[in-house]
Amino acid sequence: MSTTDRNVAYRQQAREWLSEHAPSYSGSVRDGLSVEDDLALGKRWQRLKAESGFAAITLPQEYGGAGGTEVEKAIFSEEEMRFDLPTAYFSISLGMPIPIMARYANDEQRNRHIPPAIRGEEIWCQLFSEPAAGSDLAALRLAARRDGDGWRLNGQKLWTSWAQFSDFGVVVARTDPSVPKHAGLTYFYVDMKSTGISVRPVKLLSGNEDVNEVFFDEVYISDNQRLGDVGGGFRVAIDTLMIERYAVTDPAGYGPPLSALIDLARQVGDGDKAAIDDGQVRDEIARAYCEQQGLRIIHDRAVAALARGGEPGPEGAVRKLLSAASRQRIGALALDLAGVEGVSWSEGDAIRSHFSASWLDSPTLRIAGGTDEILRNTIAEHILKLPQDYRPDKGKPFN
Amino acid sequence: MSTTDRNVAYRQQAREWLSEHAPSYSGSVRDGLSVEDDLALGKRWQRLKAESGFAAITLPQEYGGAGGTEVEKAIFSEEEMRFDLPTAYFSISLGMPIPIMARYANDEQRNRHIPPAIRGEEIWCQLFSEPAAGSDLAALRLAARRDGDGWRLNGQKLWTSWAQFSDFGVVVARTDPSVPKHAGLTYFYVDMKSTGISVRPVKLLSGNEDVNEVFFDEVYISDNQRLGDVGGGFRVAIDTLMIERYAVTDPAGYGPPLSALIDLARQVGDGDKAAIDDGQVRDEIARAYCEQQGLRIIHDRAVAALARGGEPGPEGAVRKLLSAASRQRIGALALDLAGVEGVSWSEGDAIRSHFSASWLDSPTLRIAGGTDEILRNTIAEHILKLPQDYRPDKGKPFN
Amino acid sequence: MTATFDLDADQVMIRDQAHEVLAEYSTLSRLCALLENKEGFDTALWNGTAELGWPGAVVAEAFGGHDIGWTTVCMLAEEIGRVCGAIPHSSTAVVADYLGTLASGHPDREYLADIAAGKVIATIGICEKGTNLLPAQPSVRFDGTRLYGTKAAVAFGAVASHALIYVRSSPGSVGLVLADLNDPSVMRQPHPALDDSRGYADLIFDGTPARLCENGRQNSAGWLLDRAAIAYACEQLGGAQACLDIACDYARTRTAFGQSIGRFQAIKHALADVYAAIEIARGNVYHALSPDGLANLPVAAATARLASTHAYELAAKTAIQVHGGIGVTWEGGLHHHYRRSRVLALELGSPIGWRNQLIDHLAGAAA
Amino acid sequence: MTATFDLDADQVMIRDQAHEVLAEYSTLSRLCALLENKEGFDTALWNGTAELGWPGAVVAEAFGGHDIGWTTVCMLAEEIGRVCGAIPHSSTAVVADYLGTLASGHPDREYLADIAAGKVIATIGICEKGTNLLPAQPSVRFDGTRLYGTKAAVAFGAVASHALIYVRSSPGSVGLVLADLNDPSVMRQPHPALDDSRGYADLIFDGTPARLCENGRQNSAGWLLDRAAIAYACEQLGGAQACLDIACDYARTRTAFGQSIGRFQAIKHALADVYAAIEIARGNVYHALSPDGLANLPVAAATARLASTHAYELAAKTAIQVHGGIGVTWEGGLHHHYRRSRVLALELGSPIGWRNQLIDHLAGAAA
């Protein structure tokens, strides 16, 4: 059987499995659930996937992964995304910290930590950003000082997704403030139940509380929880951000599908004609449709490149840049079409089905995980080979 | 009579004078004229204005100016702009070099040079930009070295408007390359018929040739043609760029009036409905209308501020930024409405009456006299008080 | 930065008072609380402004008002917009302004005294669902003496005492009525919205006594909407300027990559574009308040509204973007402007409707 | 940077040949000369490509063609677009493609051999004035044997030997005919245009012999236009990529304020936006060439055309802006792309018409 045939068969198998199981964990089943209940549902879904060989598809089977290919992972993600499943709680955990553990931790640590994470029994978070270190990650201040065989951590992290539900986390700390900022960092993993860690959810503009402040007060970490060299933490942090070779994302930026806007535009209007016959509405829909279709083809080609053993290419930045801005624009347009009733919004409205919720949340999308500005810099520097911005702190001691 | 009443009366007087004289120098009179003939017509118009007290309105009467106020100048400009007169040849000459001569030259030089320029008999150009010094004026290289009582100039200027018709020019040259770039410049005026000066018109994308390259080969200038101190040339250059306290400009960026687009949109369509009923067309027109009306009010308020003895405010950058981009967008839209026939264009089509000519020339507008990027920097730094860009050459010797 | 209004000494005094009362009441923590407690508006701020006589600003002295003029009302709207003030200042002023145009014998003129005394909180319910400004068939029916039907998503409908409602009466006929919302026949259904500090409610009328409230203009509701658009544009302008000021302050002080973020052109140029949009909006608002603008009200109101809507929405989202992460937090507070910029763009009808009003007039004039 | 096409070995060879011939003929000085000498197209380049067999690329081997496929034709269009090549490659290929769909007995199929032999230069005259793609009443009338009337502003009309023209015949009926432009009954009136390297002419027919050239599809002209849109999109994509490459090179080398201008975020971010637009266009073009795209041609062609039009126009104007003064000079040469980006956006009908084609299909599908 050729690779292509195998992938077609895999997709079929994934589809069948999902159509059998996913409905009991998605859609209306989740309506009205508290976050805690939704998380519990998500944990059950994750365990079922692990038992059926659909969890952590690219990780080795010895740890409970599926030992599959990047293409299989992409195929399963595409198919899984058709359902509205409670998978968000595991996207960080299994996307970055756990693969990093698989790369950097020792055998004992891998055996202890990877299987329960894949089964959804334990969740990992990623403690990187800080109040004064967002786009500029290397400016982080959380301090780790030597204490006997281990380290004491003091300081604060911010924007840590799902920290409130996490059992463990990977953390970058400053171990030497006297050297230039990138050189003084070291990377650890930490038990989130350690004495001295406190987590405070941060309420976002939409009312969501999926990110947190995490405070470290004399938190002790054994040196064998260090991943990589002392002073080598920035390298491991970059590895963490790059370790997912390819992540399937939604061209509509997880907002309502464009077909919902088209339906709306066919229903409302000014009394004389439907909004779909208004040229400005048509222009916006056409623009969004071209963008989303272009992104879908870019995705297909990236998966094809993976299947040929190549690299998926650097288009992820384009995808995030365009889909975030588009969701904001499309959301506003949909409310314009609704007129006075466009103001309607209730806390908890699903982003996928409510344009007002999608619009309200969209600024977060344009900032989290790389602001529009950072993404444009990434494209300009990494793809177009234009020079880096001026960095006055380059080579200077951090303190 | 109050100031307000005086200004109303002045406008009335300007209108009457213009309605009597301007028709013989504008509009269809200019159709088909060669540039030389149009210049000759312009010189006659300038002489007539000078004889009637409407030339160089803010310059002293002793030199042939009108000795009037900034408000009177603005009022006359507004009224004169209603006609399509051949005034462009004098806009630089009387806008900057001549007022600078009035400020920096000695009595004898003023008496020699200012009156013929005001009468339009002599034209002055401004030799500032160079191939490697556009937005970054202080990076200019044209060298002036001491030679006895005077200076020898060698090098090249670029983008010099009307140099091919000019009798004199003001020029900034580098007299000391060993000091930081702003400190090594000196300002002179020069007879454009001097030995060693050659002028080559630069053809622009629209076919126009109103800017030039000017080459200096061992051009001798007496030291008494120096304006300001040796090494003080950058200051005088900035004075030159700022000396026009307020210049009246067209909110439509000298392109066709918006009413022409509305008329076009009412005439063409897709067979079923007129383009004016297309929402995208409506949106573009509404946006341009709001911008142009906003700019008109900003202008009115600036003139009112001048009338009260205040300063007109720094909104000139906004005007140029918006009107240039708008002209490009509106031009393209008008061609879209024309469909296949939108491709039509003939060299020499007037920008005021042909959307294709307006569109083709519009990139020039977004670059000449301050690029969009420089204008945004100006607004950010001078109005919003944001910090200056990083300048790695600051304080370093030029060479 | 440029002020919108050329103020006389009285107006300067009024504005200074406004600064005080707004600074006292309209704080960030109170704004957050308003979204959470669902009270629907800022009672304390309203009472504070009522003490200063703002509700009666355009009411004639004969009715106990201050009669200090439409421009002053709009200047106050700008100040309220600057701090995201959650009070029905603009709608109350517009209703008062409208009642003042009624024929002298009209009984609804009596409400002017109540407005001036701060006893009436007024809102307007004209636009409905869809992209047109005036519905052809308003959803509330007036049978000559009573009202029936629902007006959805009326701003401050949950807290106002009275609402000027656009209704259909005899077949094909439309008009305005002033409804007493405290009448037992009125049910107010809270309408959860993007900005719950503005007490949206569906007003359900079931036999509410009323009488026509027409001033004899051919299109009184359109006229009212145009006037309201100008007051709203001032709120939007104030909000936009506040967003720009806040973002510039942050850009000057926040550092990243070893320098203040205001030194990056991406930040500088985005803020320069906001400045340009605000100056254009300011020009159009100023025009709408001038004699020329008032003489050509539908065009002047539409341009003021379109330009100010654009400026406020651009300013609010740019301010968030400049702030990065802190910009999207609840406590960071910029979301108040972000929400407000959107609901102010919708409350008086879809921007598409205003675009059409402008172009219909321009194309008509060119015809 | 990402290539559009996944090429096989033959296609790589063809592309390499293309690079050579295009580099030899399509130089900046020749492009400037073409605008000045009004020859109407690049004869030398055309002959060079004819020698390589490009005009017969989609012609069946039975007619002496190479039959190397539509995708190869489009790949060549991309290469031509990259250097602003001034030849009717796309229109000739589209006409050949269309003639190949005629019933086997149709006499116009004989032209395929002439195309393959490089003896026919073909253009298309379908769209007219206004924002619709297909005119309801085409301006040229066909009485069953002869043509009358004027088709305005036909690209390469001044130099082509044949044109596929959209005509009206019996009342209410429309169709395509292939006209011999060298027939003495045809007058070609040069039509001065923004890009005079494309020999625009008004074609004036006065009794030109012709016959219907229909392939039995319900909307043959629409089908032809869709295919043409895809080839044009490839030219646009190539042009856009060239503008981006040129601008990035310049930004890396030109200095201002003591550093390379490519270090300024205003430049970097503008070019990043161009990159994004190009990648989106590339995705849509690729889709339009895929079996899925060809199966849903009206949507795939419209998206490829809209996205590529946007990308090319954005790239051309951004490249000029990045260059500053030198960008607007005649000799700087960027104006060729700027002109070309605009005329390619118009030759196959207004972008508004393509927008409508897309939305009509999407809204129909949603219905």
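In the text below, chain A, chain B and the rest are named by the order of the sequence lines, each starting its count at 1.
Heavy atoms of D/I320 lying under 4.5 Å from chain B belong to its backbone as well as its side chain. Interface remark: D/Y338 contributes backbone and side-chain atoms alike to the contact with chain B (heavy atom separation under 4.5 Å). Only the side chain of D/R355 comes within contact range of chain B, judged by heavy atoms closer than 4.5 Å. Using a 4.5 Å cut-off between heavy atoms, B/K396 makes no contact with chain D at all. Both the backbone and the side chain of D/Q321 come within contact range of chain B, each with at least one heavy atom under 4.5 Å from a heavy atom of that chain.
Atom CG of residue B/D278 and atom CG of residue D/N356 lie 6.5 Å apart, to the nearest 0.5 angstrom. Once rounded to the nearest 0.5 Å, the distance linking CG of B/L360 with CZ of D/R342 reads 11.5 Å. Taking CD of B/E341 as the reference point, atom CD of D/E128 lies at 8.0 Å (rounded to 0.5 Å). A distance of 8.0 Å separates CZ in B/R329 from NZ in D/K317, rounded to the nearest 0.5 Å. Here the OG1 atom belonging to B/T364 is positioned 11.0 Å from the NE2 atom belonging to D/H335, to the nearest 0.5 angstrom. The OG1 atom of B/T371 lies 14.0 Å from the NE2 atom of D/H323; values are rounded to the nearest 0.5 Å.
Of all non-hydrogen atoms in B/D136 and D/F257, the two that sit nearest each other are OD2-N, 2.6 Å. Here the shortest heavy-atom pairing between B/Y390 and D/Q259 reads O-NE2, 3.2 Å.
Heavy-atom neighbours of chain B within the stretch residues 130-140 of chain D, taken at a separation under 4.5 angstrom, comprise D/G130, D/T131, D/N132.
Between chain D and the options B/G271, B/G342, B/G269, B/A138, the largest number of non-hydrogen pairs under 4.5 Å is found for B/G269. No other option in B/N377, B/L335, B/V268 has as many heavy-atom pairs under 4.5 Å with chain D as B/L335. Among the candidates B/V340, B/L333, B/V281, the residue making the largest number of heavy-atom pairs closer than 4.5 Å to chain D is B/V340. Among B/S346, B/A338, B/G134, the residue making the largest number of heavy-atom pairs under 4.5 Å with chain D is B/A338. Contact count versus chain D (heavy atoms, under 4.5 Å) is highest, among B/D389, B/V211, B/D270, B/N208, for B/D270. Comparing B/S362, B/P131, B/A133, B/A357 by how many heavy-atom pairs each has under 4.5 Å with chain D, the most go to B/P131.
A salt bridge (charged side-chain N to carboxylate O under 4.0 Å, His left out) check over residues 343-352 of chain B, counting only residues at least two apart or in different chains, returns the pairs B/D250-B/R352.
Of the possible donor and acceptor atoms, one in the side chain of D/S350 sits under 3.5 Å from a partner among the backbone N and O of B/D336. Of the possible polar contacts, none joining the D/E313 side chain to the B/A332 backbone as a donor-acceptor pair under 3.5 Å is found.
Looking at D/D195 and B/V343, their side chains never come closer than 4.5 Å, going by heavy atoms from C-beta outward.
Taking a 6.0 Å sphere around NZ of D/K38, one finds it holds more than 12 heavy atoms contributed by other residues, nucleotides or ligands.
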